[in-house]
Amino acid sequence: LVVAVAASAGLSMFGSLFIIFTYCVWKDLHTTARRFLVCVSLSDFVNSCGNLVGVVANLPRLEGRGCEVQSVFTTFSSLGFIFWTTFLAVFLYMSIVQGKVTLTARQNAMFYVLGWGVPFAVTLGAFFSGALGNDNSTVSAGWCWTLEEPELPSSMTCENARLFWRLLTGKGWEVASYVAVPLLYILVHRHIRNESTSAGKTFLTQTSLQLAQRAHRKFAAIPMVYVLLRMWGTVRFFFDVFNMNEPRKMSSTFYEVFLYLHAVGDNAQGFANFIIFCLFTERIRIKMRSKVQSMCGELGGSESTQAGSPSKPLVNSGSHSPYLSQQGQRTDERTSLLNHSGDAYSTDQMGQ
């Protein structure tokens, strides 16, 4: 289990840091959608790091405050990850479907207040209520989360208090995101499909159609990856609710399979985001390839290496063909939105 958590958490931390790094290095990625993705990556990095420390240091087995401190960090970051993943889907829906490609100051503030404020308030309340600590891995996978027997309000039984805090500090929000995130992406997916099939009305060029199809495929994959990675912990949570999450109540093999899937899935989202938004994103690949070739040219002192930089221009919403009509220019601006959102989540490039 330690190896599984270490491997998945290590890859996830690397992927999250890479996303943050690209945002800091390349100024043209400073868009609203990329900022949201950075918030997702930052949350995932802290969560993976906390889970890794909890498992490697065996904090649930140690006495003292270490387990509680780890739970504070991972509870806050896990909630932040859920909120910002959902907000990313909300912003994409607003940008692609509703055409609201920029946020007002009030809307932007609302996202940040909710995205960080709610997780902070929930974590603070759970901490001061004595609800965070060792759960004996009944619904975690070797790290600390909520106490198996949290301190009880006078009106609650132990089982009700345990269920209440587990729903409030993670699982309730997570289950809600399983509905909201796929639903929003399905609406975006359907909108792009409808637009791409209306070639005479919207997509006037073959490039536009290709960009739409590329975004079409990616928007189908994103919610599937999110749910498939996170669902195993939720399944184990419901096993616990129905008193099934113990080796003596199910086959040991079945129990171990779900435990390992949970351990890997909860810590793999950062690496999955790295694959989707970096490795499978042409815009980022071109930038990385150009950067590597430039570095090789500087180290080798070879001008020919630098001359070999890719000449393929990036699709930019500000570049328009002189042969297109005014209507065609507006169409390519709109299609550029699909390119940036589907490839790099840079949806607010439209209209520049």
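- Taking the side chain as every heavy atom from C-beta outward, Thr234 and Val175 approach each other to under 4.5 Å.
- Within the 4.5 Å cutoff, no side-chain heavy atoms of Glu174 are placed close to those of Phe81.
- Within a 6.0 Å sphere centred on CZ of Phe120, heavy atoms belonging to other residues, nucleotides or ligands number 12 at most.
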Open item on the list: Would Leu132 and Leu147 count as a side-chain contact (heavy atoms from CB on, under 4.5 Å) here? Give the steps.
Closed with: CA-CA 5 Å; Leu132 301 180; Leu147 288 172; over 6 Å; no
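- For the pair Ser290 (side chain) and Ile286 (backbone), a donor-acceptor distance under 3.5 Å is absent.
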Task: Val40 and Phe36: CA distance, side-chain angles, deciding distance, side-chain contact (heavy atoms from CB on, under 4.5 Å) verdict - done: CA-CA 6 Å; Val40 172; Phe36 280 26; 5.7 Å; no
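- The hydrophobic clustering, which links ILVMFWY residues whose side-chain heavy atoms are closer than 4.5 Å, places Leu228 and Val179 apart.
- Centroid-to-centroid, the aromatic rings of Phe271 and Phe14 stay 6.0 Å apart or farther.
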TODO: Report the C-alpha separation of Phe237 and Leu167 in whole Å, then their side-chain angles, then the decisive distance to 0.1 Å, and conclude whether the side-chain contact (heavy atoms from CB on, under 4.5 Å) test is met.
DONE: CA-CA 10 Å; Phe237 166 74; Leu167 288 173; 3.7 Å; yes
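- Nearest heavy-atom pair across Leu259 and Ser140 is CD1-O, 4.0 Å.
- The main-chain N or O of Gly125 is found under 3.5 Å from a side-chain atom of Ser129 such that the two form a donor-acceptor pair.
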Open item on the list: For Arg236 and Leu261: C-alpha separation, side-chain torsions, deciding distance, then whether side-chain contact (heavy atoms from CB on, under 4.5 Å) applies.
Closed with: CA-CA 10 Å; Arg236 292 189 70 230; Leu261 287 172; over 6 Å; no
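- Smallest separation of non-hydrogen atoms from Gln107 and Thr102: OE1-O, 4.2 Å.
- For the residue pair Ser177/Tyr226, the side-chain donor-acceptor check at 3.5 Å is satisfied.
- Contact detail for Val181 and Pro223: the closest heavy-atom pair is CG1-CB, 4.4 Å.
- A heavy-atom distance below 4.5 Å is found between the side chains of Ile19 and Cys278.
- Taking hydrophobic clusters as Ile, Leu, Val, Met, Phe, Trp and Tyr residues chained together by side-chain heavy-atom distances below 4.5 Å, Val264 does not share a cluster with Ile275.
- No side-chain donor-acceptor contact under 3.5 Å links Trp145 to the backbone of Ala141.
- No hydrogens or angles considered: nothing links the side chains of Asn47 and Thr74 as a donor-acceptor pair under 3.5 Å.
- More than 12 heavy atoms of other shown residues, nucleotides or ligands fall within 6.0 angstrom of atom OH in Tyr23.
- Residues Phe87 and Val113 do not share a hydrophobic cluster, defined by chaining ILVMFWY side chains whose heavy atoms lie under 4.5 Å apart.
- Residues Ser48 and Ser12 share a closest heavy-atom pair of OG-OG, 3.4 Å.
- The shortest side-chain heavy-atom distance between Val97 and Val188 falls under the 4.5 Å cut-off.
- Checking Thr22, Asp28, Thr281 one by one against Lys287, the side chain to side chain donor-acceptor pair (under 3.5 Å) holds for a single residue, Asp28.
- More than 12 heavy atoms of other shown residues, nucleotides or ligands fall within 6.0 angstrom of atom CE in Met110.
- Val122 and Phe128 fall within the same hydrophobic cluster, where Ile, Leu, Val, Met, Phe, Trp and Tyr residues are linked whenever their side-chain heavy atoms come under 4.5 Å apart, directly or through other members.
- Remark: Ser78 OG to Asp266 CG distance equals 7.0 Å, nearest 0.5 Å.
- Two rings, from Trp143 and His262, have their centers less than 6.0 Å apart.
- The OG1 atom of Thr31 lies 7.0 Å from the CZ atom of Phe91; values are rounded to the nearest 0.5 Å.
- Partner of Trp116 under the ring-ring contact (aromatic ring centres under 6.0 Å, His included) criterion, out of Phe111, Trp84, Phe83: Trp84 alone.
- The closest donor-acceptor contact from the side chain of Arg285 to the backbone of Leu279 lies under 3.5 Å.
- The CZ atom of Arg166 sits 4.0 Å away from the OG1 atom of Thr146 when rounded to the nearest 0.5 Å.
- How far OG1 of Thr32 is from CG of Leu37: 12.5 Å, rounded to the nearest 0.5 Å.
- Gln70 contributes a side-chain N or O that, together with a main-chain N or O of Cys144, makes up a donor-acceptor pair within less than 3.5 Å.
- Taking CG of Leu183 as the reference point, atom OH of Tyr93 lies at 8.5 Å (rounded to 0.5 Å).
- You'll find the ring centres of Phe274 and Phe18 inside the 6.0 Å limit.
- Of all non-hydrogen atoms in Val46 and Phe73, the two that sit nearest each other are CG1-O, 4.1 Å.
- In this structure, Leu52 and Ala6 approach most closely via the heavy-atom pair CD1-CA, 3.4 Å.
- Side-chain atoms of Asn267 come within 3.5 Å of backbone N or O of Ala263 as a donor-acceptor pair.
- The CZ atom of Arg34 lies 9.5 Å from the CG atom of Leu88; values are rounded to the nearest 0.5 Å.
- A single hydrophobic cluster is seen to contain both Trp232 and Val257, as judged by linkage of ILVMFWY side chains at heavy-atom distances under 4.5 Å, directly or through other members.
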